[in-house]
Each structure stands twice: as structure tokens, then as C-alpha cells.
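Notes to accompany the following structure.
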Amino acid sequence: MKNFVFLLLLAAANLPAAPMPQIVRNGEKASLLVDGKPFIILGAQVNNSSGWPSSIESLLPGAEAIHLNTLEVPVYWEDVEPEEGHFRFDALDNIIRLARGRNLRLVMLWFGSWKNGTMDYAPIWVKTNTERFPRMIDAGGQPVRVLTPLSEENLKADRTAFAQVMRHLKEVDGEQHTVIMVQVENEPGSLFTDRDYSQRANQQFTGAVPAKLAEALGKKAGTWTQVFGAGAAESFSAYAVSRYVNAVAEAGKKEYPLPAYVNVWLREQKNFMRPGEAYPSGGGTLNVLDIWKAMTPSLDTVAPDNYVLDYQNYQRVLAGYRRKDNPLMVPETGGPRFASNIFYALGDFDSLGYAPFGLDSMLGGGKVLDVAKAFADDCRLLGPAIPLIARLQGTGKLHSAVEEQYLTDRLIPSSKFDVLVQFGNLHPEYGGIFGTQTPGMTGRALVAELSPDEFIVIGFDAHVQFRPTRGSKEQKAQFLRVEEGTFADGEWRTSKILNGDQTFFTANLPSHGATLRLKVMAY
Ligand code: DGJ
């Protein structure tokens, strides 16, 4: 027996390390692979000041209670390099150790030169040496609280620190890959000014747009104003900031090539669109996303912090950032509908992950607070279905059906059937029987087509029925079998077969949620 255990240990020691986390592309489809398998981030981001050992430990049981598989945690430049060239990684090591104990993955957020369009996380030795580490100058000639992206010295300092962090990560996590992704900077760009108005910046601004950029954008050569018109200042900033962030990412990836992204403070958030005022100028907002894509080969994606409140604009943002050259990921979100919006992100826009901001405010006294209960229910149901969701994303066979105000009936297309998902009590009206509204607008579901007559439906507070698509010779549909169950290691496990009152009119998703497997026949 002893020998056997020894041999097992020996075999384990010789096992090759799990493959690196990576984002792979297959035609239009992008997938995040963790340990070589498709993975979707069901995450949350901790508060800005909760990466410290004094805070993080108490949050982890809550992460587990919400059924998260990933935590997004900041690593602070001011902590990592309190004196120039002296590095310490205690906080990062502590987070990794704790996450491993709970089987959680991590996304590490590098709060370096930028945090919410300011320089607040730069170390004191950077903040106080304004000669060596110049700030942006506003149109009135005054310095603002933002490092200029035009300074090579600023870039060198940030790049050096970030490379050290990544080198350390490789040392401590290069085999286990608890950290699966890094965010390079936080909402870069400038608040308080639309561009740098220093002498050096003005000279560059009146000069020509770099030929490589003009070419990549398919634009004719010219000055910034000639090429970009009213958007010149913001485009000039986007070019400078994206070039800088890319150089930081490149230095980090040279040490340890984890998937990397940058997050964006959106201009759609308040529908008040003055760059440098309502949102940081030069960040990867949709109006300058092409500039960012041209300038950031070292980033895997540019990701929206989607705090947009109305569902149509929320989806417009998801659609804007899901591009062939830009896999969608939602690293931050919030607002009253975050438990519903995950269904759009994963079901309709192929998001690689979804993480509401502020884990701390989802928990109280070690418990999941009301505000996060619905999201915890989502993660409980969606977590086991990740292999299925990841497989069907990008194939047209996965859709969401989400209840919104006055939107109580959703018709989902599939190869052979129209799937009608309805919310609230069903009520006859001219034209048929319609949903009314659930009291809390809590209806939400994913509809996955396994084959033309077989479906998985995952969700809450909804009625589901089928009709043969228009034009087919059959007019009606009936359930052959409705199973309730879940997935374990990607395999379906039936817990019971529903029939009789439970499926007489429609199949039903209760308030506490269910995963149904439905076999349907047209006749
Ligand atoms: C967006 C930032 O990226 C986060 O770090 C945090 O400050 C949130 N805003 C707060 O809403």
C-alpha cells in the first residue's frame, strides 16, 4: 500500500503542469480555457480597498455562498512598490492562498498608472516627483490628478512594476493557475481634461496622426483635427493611452502570458457624453474602440464596465464590445437588474465572464444580502451548466428570455420550434394567452437547443411552451418528456420527470429556479 501511495505521488510529481489559461479563437467564436477546459467567469469584484489581508479573508465564505467561481481582486502599485525598486507581494500571495483554499479562481486587477481616470494608486514616490513623473495639463494650463501617457518615464516606472508582479505570479502560480486573467490598469483615460495640453502634447497634437494608425483605421493622412474633426482631442488621448497600456501589458506578458484585458468607464453610462468630464477621455469607449484595437495587440480584449441601467442600451453596449477581434467580457456591472442582465451577456452575447462590482455590499454578517440573492441563485444554476453554455455560445443555439417592464412574452427561435417563454400569471387577451408580470420582474431564462426537438431551459419564474415554426406541416407541439435535473461534470443528471399538472399547459420554472431538459414533438 505504501509503495502504491509513493508511486501515485511520484506520478503526480511528474504530471505536466495544467495548460496556461488562454483565450482561443475559432472563427467568430472565442473561448476562455482554464486547465484546458472551457470556462465562464461567474464572478464578483471586491471593493477597491478590500485586497488587503485584513479584509479579503472575511469575504471568501460569501463568495462561496454566492456560488462564484472567480473573484476579481485589486493589486495596488502603491503597495507592491512602496519605494522605487523595492517590491513586496504579501497581499497578492495571501489572496492566492485563500482562493486556493476555497477552489476559487482569481482575476488580478492592476491598479497602476490609472484608476477611474486618475493616478490615485501610483506610489507616493511617483505622486510627489512631478518633474520626473509629469501629469496631464488641462486646457487652462493647470496640472490634473492624472499621469500623462506621453511620458516615457511614467511608462517605464509602471511597466517595470507590472512586469515584477507578473514575474512573481509566474513563480507562485505558474503551475496551478489560480489567477486566470489580469486586468491591466483600471478605467484608464483622463478625468478633468479631454487631452494633455502641455507644450509637448500641443506640438504632437498639431502634427500628423501616426501613419500606422491612420492606415489601420483606413483614414487619409492628416493632422488630428483633419482626421478626427470634433473627436480629435479624445482620439489623440485614446492613441496615447492605448499605446501606453499596451506597452505595460506587453512587458507583463513577456514575464507570464496570462490573458489580459483593459476595462472601460463607458460614455453611455449617464448619456452625458463629454470626454474628460462625464467619463475619462481616451479610454476604450465605443467611439474610439477602433483606435484601441489597432494599438493593443498585447491585450486579449477591451471590456466594458457595464453599469447602464436600461436594458436596451445595456444590450447595445454588449453588442458593441462583442466583435470578431474583441471577445466580450463584463468585468464590472451593477444596478438593480444585475441578476437578469447576466442572461443577456451569456445567452445572447457570448460573454466569457460576468462580474458585478462590490462583493462587500452583497454580504452582511457572513450572509448573502437580499440585493444579491437572485444573483446567487443564478450562479447556483448556471455554474453546473458552464460546459453546455460555453459549447453553445456563438452557435446560434443559445438565447436568453428575460422579463422587462411591459415585456412579458419572449419568443425564442430554434430550428424546428418557436419557444414561447412567458412571465407572470397567464391571462387571455385578444390574440392569445399572454404573460402579465411577476411582482419583482424576476423572470429570466436561458434556452439551449441541444437538437431540433430537445432543449435545456435554465431559469426562474417563467412558463415555457413550444410551437412548430411557421411553415412547417405540423401545427401543434406536445411534451414527450420534461425532466428536472442538473449537470455534474458536464453530464446531465435527472432528479425527476415532471408530468400531469406540472406540464399540462406549460413547463414551468419556479421562483427558486430549475434546470429542465425537454423533449418535444410536433404533430
Ligand atoms: C468602476 C471602477 O473600475 C471600480 O474600481 C469601482 O471604482 C467602481 N467603478 C465603483 O462603482
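Note that ligands are numbered from 1 as they come in the structure, with each ligand's atoms numbered from 1 the same way. Because only heavy atoms are used, hydrogens play no part in the values below, and waters and symmetry mates are left out as well, while side chains stay in. Note that the numbering runs from 1 along the sequence shown for the chain.
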Does the gap between the ring centers of Trp265 and Tyr279 come in under 6.0 Å? no
State yes or no: are the ring centers of Tyr239 and Trp224 separated by less than 6.0 Å? yes
Is the shortest side-chain N to carboxylate O distance from [X] to [Y] below 4.0 Å?
X      : Y      : value
Arg380 : Asp377 : yes
Arg97  : Asp173 : no
Asp310 : Arg316 : no

Which atom of Ala249 lies closest to which atom of Leu299, heavy atoms considered: CB-CD2, 3.7 Å
List ligand 1's nitrogen or oxygen atoms that come under 3.5 Å of a protein nitrogen or oxygen, with the partner atom and distance.
| unit_1 | atom_1 | unit_2 | atom_2 | d |
| --- | --- | --- | --- | --- |
| ligand 1 | 3 (O) | Asn186 | OD1 | 3.2 |
| ligand 1 | 3 (O) | Asn186 | ND2 | 3.0 |
| ligand 1 | 3 (O) | Glu187 | OE2 | 3.4 |
| ligand 1 | 3 (O) | Glu332 | OE1 | 3.3 |
| ligand 1 | 3 (O) | Glu332 | OE2 | 2.6 |
| ligand 1 | 5 (O) | Asn48 | ND2 | 2.9 |
| ligand 1 | 5 (O) | Lys115 | NZ | 3.0 |
| ligand 1 | 7 (O) | Asn48 | OD1 | 3.3 |
| ligand 1 | 7 (O) | Lys115 | NZ | 3.1 |
| ligand 1 | 7 (O) | Asn116 | ND2 | 3.2 |

